[in-house]
Amino acid sequence: MDVAELGDHWKVMVRDNGIGVLDADKPFLFERFTRFNSDHIKGAGLGLAIVKRIAELHKGQVGVDDRPDGKGCAFWVTLKKLG
């Protein structure tokens with residue numbers, strides 16, 4: 001996990017080594033009840049939607065990027081600094 005200061009926001013990034021997310025799926029990844037490549041994973045598809053909503057309530061954003069080395073993804077959230 002990495003934390004970076006971006007002006008009046010903090011950016012928290014978490015990287016994984018999974019199979020990645022197709023570009024076509026990225027716009028829908030943070031929507032409720034959305035699940036991709038998850039036949040072996042239990043869940044209702046709410047976790048990332050909850051993260052998105054919390055970030056929005058704190059004047060932030062969420063996203064996912066490809067890792068430069070081609071292995072997995074980098075999920076990130078920005079949150080507005082207090083003060």
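Numbering starts at 1 and runs along the sequence shown. Everything quoted here is computed from the prediction, not taken from an experiment.
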Are [X] and [Y] joined in one hydrophobic group, where the rule is that I, L, V, M, F, W and Y side chains link up if heavy atoms are under 4.5 Å apart?
| X | Y | result |
| --- | --- | --- |
| Met1 | Leu48 | yes |
| Leu29 | Phe33 | no |
| Val21 | Val51 | yes |
| Val14 | Ile54 | no |
| Val3 | Val64 | yes |

Exercise. Taking all non-hydrogen atoms of both residues into account, name the closest pair between Asn17 and Arg67 and its distance.
Key: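 Scanning both residues, the minimum pair turns out to be OD1-NH1, 2.7 Å.
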For the residue pair [X] and [Y], establish whether any side-chain heavy-atom pair is separated by less than 4.5 Å.
| X | Y | value |
| --- | --- | --- |
| His9 | Leu79 | no |
| Asp65 | Trp76 | yes |
| Val62 | Phe75 | no |
| Gln61 | Val77 | no |

Are [X] and [Y] ion-paired here, with the side-chain N under 4.0 Å from a carboxylate O?
| X | Y | answer |
| --- | --- | --- |
| Asp66 | Lys26 | yes |
| Lys52 | Glu31 | yes |
| Lys11 | Asp2 | no |

Quiz item: CZ of Arg15 to SG of Cys73: how many Å apart, nearest 0.5 Å?
Solution: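 Arg15 atom CZ to Cys73 atom SG measures 11.5 Å (nearest 0.5 Å).
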Exercise. Hey, could you give me the OG1/CH2 distance between Thr78 and Trp10, rounded to the nearest 0.5 Å?
Key: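 Thr78 OG1 to Trp10 CH2: 13.0 Å, rounded to 0.5 Å.
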Quiz item: Is the number of heavy atoms from other residues, nucleotides or ligands under 6.0 Å of Lys59 NZ greater than 12?
Solution: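 No.
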Practice problem: Take atom CZ of Arg32 as the centre, draw a 6.0 Å sphere, and report whether it contains more than 12 heavy atoms from other residues, nucleotides or ligands. | Solution: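 Counting other residues, nucleotides and ligands, CZ of Arg32 stays at 12 neighbours or fewer.
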Exercise. Test side chain to side chain contact (heavy atoms under 4.5 Å, CB included) on Asp25 and Leu22 and set out the steps.
Key: CA-CA 5 Å; Asp25 294 338; Leu22 297 174; 3.8 Å; yes
Quiz item: Can you check whether Leu6's main-chain N or O pairs, donor with acceptor, with Lys81's side chain at less than 3.5 Å?
Solution: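 No.
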